[in-house]
Amino acid sequence: MSGSNSFRLRCSLAAHEMDVRGLAAASFPHGAFVSVSRDRTARVWVPNPSENQVFTEMHCMNGHSNFVSCVCIIAPNETYPRGLIATGGHDNNICVFSLDRPDPLFTLKGHKNTVCTLSAGKFGTILSGSWDTTAKVWLGEKCMMTLQGHSAAVWAVVILPEQGLMLSGSADKTIKLWKAGRCENTYTGHEDCVRGLAVISDMEFFSCSNDASIRRWMVTGECVQVYYGHTNYIYSLAVFPNGQDFISTGEDRTLRIWRKGECSQTIRLPAQSVWCCCILPDGDIAVGASDGIIRVFTESQERVASAQDLQAFEDELSKAIIDPKTGDLGDIKIEDLPGREHLNEPGNRDGQTRLIKEGSNVEAYQWSMSDGRWVKIGDVVGGSSQQNSKRVMYEGKEYDFVFSIDVNEGGPGLKLPYNVTDDPWLTAHNFLEKNDLSPMFLDQVANFIIENTKGHTLGPAPTSATDPFTGAGRYIPGSGGGDQGFGADPFTGGGRYIPGSESTGRVSSSGADPFTGKLRELNNAAPADRKLSDAALDSLEKLLHLVADQKSQEQPTAEQISVLWRTSHWPEDIVFPVLDILRLAVRHPEVNAQLCGGTEGSSLCNHLLGLMSPEGRPANQMLALRTLCNCFSGSHGRALLLGQRDAVLSRSGDLCAVSNKNIHVALATLVLNYAGRLYGQPTEIEAKAQCLSVASTALEVVQDKEAIFRLLVALGTTVAGDSTAKDLARSLGVNSQISKYARVSDPAKVGECCRLVLDELQ
């Protein structure tokens with residue numbers, strides 16, 4: 001790298017349909033590189049000899065059933081003289097490809113969660129890191145060893161040139177040195193998750209972190225230098241051949257070039273997340289971002305893009321919307337900003353940012369040392385200027401509204417201050433967090449604010465406002481009790497018998513007749529050894545009336561519960577009305593304790609999972625899911641499902657592909673129940689990772705707005721108050737995946753909830 005020129009755009013490749021998550025320079029052909037994406041593909045790009053600036057797609061590889069998150073190149077050998085390509089994904093697998101075919105040569109299975117980082121060493125070895133907190137060493141098609149020691153996801157791995165030395169960086173904020181499968185050293189210093197590692201030499205390496213710093217380490221343990229420049233998470237690093245200069249990318253929309261220990265150039269991109277980078281054989285830089293585009297930058301004047309393409313890139317950048325919370329722009333007061341004349345003064349360093357006032361808008365500009373001018377990099381939103389229309393004093397500040405919220409009957413009310421310029425969902429979230437209340441109340445509080453501030457009326461809340469916590473018949477997934485007895489079933493409707501009716505409410509005793517009529521009809525068709533006697537039928541009918549009447553003081557008998565359990569094993573083509581009774585019954589504390597406790601609990605869980613087979617009947621799948629949802633209403637059911645979480649969520653995730661909106665709503669509710677139980681438990685990161693994975697997978701296929709809403713609430717609940725879970729969500733690409741829902745206005749709660757989750761993930 002000469003260092004005499006600045007890097008400028010060479011080309012932009014509309015490479016993938018979703019985020020580009022990994023890049024690696026290929027062994028063959030010369031000058032080629034490989035990209036991987038959330039669109040589940042890997043692609044090989046080669047220089048186009050007829051157009052010096054451009055790359056052409058040479059090869060596309062498919063093999064993963066979920067997002068692809070990382071890639072590495074296995075060096076050429078006698079068997080594969082052009083080398084191999086290894087990719088890791090959210091399906092927990094590593095696929096190994098050749099350039100001769102689009103499908104994998106072989107697949108490495110063994111990780112229990114997302115494979116998020118790969119590194120190749122000598123003799124064909126592969127080192128992988130995963131959310132399952134382990135790193136694994138592979139040779140050929142076999143796992144040779146598992147490196148265990150990190151307490152959180154392993155997000156970065158690299159094999160050092162010295163044979164047998166390996167490094168792993170983790171969300172537990174540490175880096176570990178491994179030799180022959182044993183941990184030889186642990187490096188501490190980063191204040192947040194370690195996201196990337198890069199080798200300098202046999203004795204030195206770089207690391208980058210969510211703490212926005214880059215560190216240079218000696219293998220012996222000393223941190224010899226810390227580099228600052230990024231203003232948000234740093235995702236990737238790559239070192240130039242001279243072993244001293246390097247590049248980095250991150251969540252602040254930038255690629256940064258570092259020379260002689262200083263950030264010599266900052267290149268901003270029109271995408272929020274710049275996930276990955278690599279240095280090509282000719283010294284050019286390739287970067288991949290959340291907009292699915294690969295951009296290549298060069299120092300060579302011969303390879304710089306045409307003036308038309310450079311202007312198009314600048315125009316795209318100028319249209320970007322910048323949120324001050326994600327950059328280095330600080331708190332913005334429009335009235336204090338200078339006008340356009342401020343741009344007449346030259347900058348004093350490359351990448352310097354300057355804000356100006358243009359009418360009522362704020363524009364951001366960056367100084368380009370190579371061009372000697374200010375380049376617009378976007379419009380800024382979210383400044384602090386507000387209209388002074390506040391009326392009510394609370395805790396030393398004035399607000400448009402100060403609501404009094406009665407959480408516990410007879411207890412003191414909690415104050416909820418609100419301004420008409422505030423986001424009601426964010427205000428609701430902050431209120432719940434401040435008062436240590438369940439995030440399950442989020443939509444209630446937000447809708448309460450929206451309902452009671454219509455027209456932007458100033459002053460205290462109307463005295464007739466309904467308290468959001470005491471709405472009648474409100475179902476709260478995963479709640480542990482309250483004033484609703486053993487809980488109302490969210491899926492039950494009255495009137496004629498419809499398996500799993502969607503209307504909300506309670507089943508009255510008179511509404512049980514359609515159940516019993518159908519039961520007697522199907523009992524006549526049951527096999528002789530499964531047919532119920534009249535006494536057993538009467539027992540089952542009495543149980544149904546008992547659990548449907550929530551005011552009843554009578555307890556179910558052991559005989560009634562036994563009959564229900566036996567009947568739930570009827571043939572799959574006639575069992576659905578029994579499952580409908582079962583899902584109602586498990587809400588009752590006595591039934592919940594009897595069927596969910598001890599060995600009976602495992603039997604119940606296994607039976608329901610069997611009914612949820614992807615090849616099963618949709619009605620049974622749906623009712624089994626809803627039964628699992630209602631098991632959360634009792635302590636025995638909650639303990640059972642938390643203990644069986646891996647199997648339950650894995651099988652539930654298999655039903656994402658079933659095209660049935662009722663199944664999707666039930667699946668979303670189940671994930672939401674798990675998220676509610678895991679809230680406030682930062683040590684349960686593996687469980688949260690599975691919730692995030694299932695919710696993210698479901699959002700790829702679900703169309704029903706209610707299911708989407710519940711999945712969004714589940715995502716928000718999973719990451720709320722847990723920085724590691726937020727990082728997992730970001731790594732999964734949740735931001736770009738759900739951003740499309742931010743514009744949904746029908747129903748409004750979908751868009752509002754999405755915006756809150758996006759805010760939480762910033």
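One is the number of the first residue; the rest follow in order along the sequence.
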Side-chain donor-acceptor contact under 3.5 Å, Lys176 with Ser168: no
Smallest separation among heavy atoms of Ala153 and Trp131, with atom names: CB-CA, 3.7 Å
Polar side chain donor-acceptor pair, Arg40 to Asn62, under 3.5 angstrom: no
Test: Asp19 and Arg21 ion pair at under 4.0 Å: no
Thr683 and Gln681 side chains, donor-acceptor separation under 3.5 Å: no
Within 45° cone and under 6.0 Å: Arg38 NZ/CZ vs Phe67 ring: yes
Beyond-backbone contact of Leu99 with Met58, side-chain heavy atoms, under 4.5 angstrom: yes
Residue pair His16, Ser35: steps toward the side chain to side chain donor-acceptor pair (under 3.5 Å) verdict: CA-CA 9 Å; His16 290 276; Ser35 63; 2.7 Å; yes
Modelled atom types, side-chain donor and acceptor of Trp217 and Ser207, under 3.5 Å: yes
Sidechain-backbone polar pair: Thr669 side chain, Val665 backbone, donor-acceptor under 3.5 Å: yes
Asn735 side chain near Ser273 side chain, heavy-atom distance below 4.5 Å: no
More than 12 heavy atoms from other groups under 6.0 Å of NZ on Lys173: no
Distance-only polar pair, side chains of His150 and Thr133, donor-acceptor under 3.5 Å: no
Distance-only polar pair, side chains of Ser696 and Gln737, donor-acceptor under 3.5 Å: yes
Val36 side chain near Cys70 side chain, heavy-atom distance below 4.5 Å: no
Evaluation steps, side-chain contact (heavy atoms from CB on, under 4.5 Å), between Leu127 and Leu118: CA-CA 6 Å; Leu127 177 62; Leu118 291 169; over 6 Å; no
Donor-acceptor side-chain pairing of His230 and Ser248 below 3.5 angstrom: yes
Check: Asn48 side chain, Val54 main-chain N or O, donor-acceptor pair, under 3.5 Å: no
Listed once per pair and sorted, the salt bridge (charged side-chain N to carboxylate O under 4.0 Å, His left out) pairs that draw on residues 73-83, sequence neighbours left out: Arg82-Asp100
Ser201 side-chain N/O to Met203 backbone N/O, donor-acceptor pair under 3.5 Å: yes
Check: Leu641 main-chain N/O paired with Tyr674 side-chain donor or acceptor under 3.5 Å: yes
Lys136 side chain near Met145 side chain, heavy-atom distance below 4.5 Å: no
Residues Lys688 and Thr718: side-chain donor-acceptor under 3.5 angstrom: no
Where Ala714 and Ala675 come nearest, the two heavy atoms and their spacing: O-CB, 3.6 Å
Ile257 side chain reached by Ile267 side chain, heavy atoms, under 4.5 Å: yes
SB check Arg43 Glu57 (cutoff 4.0 Å): yes
Chi angles and distances behind the side-chain contact (heavy atoms from CB on, under 4.5 Å) call for Met166, Leu160: CA-CA 6 Å; Met166 301 177 177; Leu160 289 166; over 6 Å; no
Worked check of ring pair (Phe, Tyr, Trp, His ring centres under 6.0 Å) between Phe206 and Phe246: CA-CA 9 Å; Phe206 287 119; Phe246 61 96; 4.3 Å; yes
Taking every non-hydrogen atom, the tightest pair across Ile73 and Ser27: CG2-OG, 3.3 Å
Within 6.0 angstrom of Glu700 CD, more than 12 heavy atoms from elsewhere: yes
Name each donor-acceptor pair under 3.5 Å that joins a side chain in residues 643-651 to protein atoms two or more places apart or in another chain, with its distance.
unit_1, atom_1, unit_2, atom_2, d
Arg645, NH1, Gln690, OE1, 2.6
Asp646, OD1, Gln690, NE2, 3.3
Ser650, OG, Asp646, O, 2.7
Ser650, OG, Gln690, NE2, 3.3
Arg651, NH1, Leu609, O, 2.6

Pair Trp45-Thr56, side-chain donor/acceptor within less than 3.5 Å: no
Any side-chain donor near an acceptor of the partner, Ser236 and Thr249, under 3.5 Å: yes
Pair His664, Asp704: side-chain N/O donor-acceptor within cut-off below 3.5 Å: no
Aromatic contact, Phe205 with Tyr187 (centres under 6.0 Å): yes
Residues Thr41, Val68; criterion side-chain contact (heavy atoms from CB on, under 4.5 Å); working and verdict: CA-CA 7 Å; Thr41 68; Val68 189; over 6 Å; no
Test item: Thr125 and Ile159 side chains (from C-beta on) under 4.5 Å apart, heavy atoms: yes
Minimum heavy-atom distance Trp178-Cys183, with the two atoms named: CE3-N, 3.5 Å
Ile738 side chain reached by Leu711 side chain, heavy atoms, under 4.5 Å: no
Polar side-chain atom of Thr298 near backbone of Ser300 as donor-acceptor pair, under 3.5 Å: yes
Residue pair Ser128, Trp138: steps toward the side chain to side chain donor-acceptor pair (under 3.5 Å) verdict: CA-CA 8 Å; Ser128 61; Trp138 309 82; 2.9 Å; yes
Passing candidate, side-chain contact (heavy atoms from CB on, under 4.5 Å) with Asp282, options His30, Arg10, Glu299: Arg10
Check: Ser213 side chain, Tyr227 main-chain N or O, donor-acceptor pair, under 3.5 Å: no
Residues Ser290 and Trp275: side-chain donor-acceptor under 3.5 angstrom: no
Pair Asp284-Phe297, side-chain contact (heavy atoms from CB on, under 4.5 Å): steps then yes or no: CA-CA 6 Å; Asp284 288 359; Phe297 297 89; over 6 Å; no
Gln621 (side chain) donor-acceptor with Leu655 (main chain) under 3.5 angstrom: no
Side-chain donor-acceptor pair present, Arg195, Ser209, cut-off under 3.5 Å: no
Main-chain N/O of Glu251 paired with Gln272 side-chain donor or acceptor, under 3.5 Å: yes
Backbone of Val157 reached by a side-chain donor or acceptor of Thr117 within 3.5 Å: yes
Heavy-atom pair with the smallest gap, counting every atom of Thr174 and Val194: O-CG2, 3.9 Å
Gap separating the CD1 atom of Ile126 from the CE atom of Met144, nearest 0.5 angstrom: 12.5 Å
Side-chain donor-acceptor contact under 3.5 Å, His111 with Asn92: no
Distance-minimising heavy-atom pair for Cys656 and Val694: SG-O, 4.5 Å
Atom pair CG/CG of Leu608 and Asn620 - distance to nearest 0.5 Å: 10.5 Å
Which residues share a salt bridge (Lys or Arg N to Asp or Glu O under 4.0 Å) with Arg216, sequence neighbours left out: Glu204
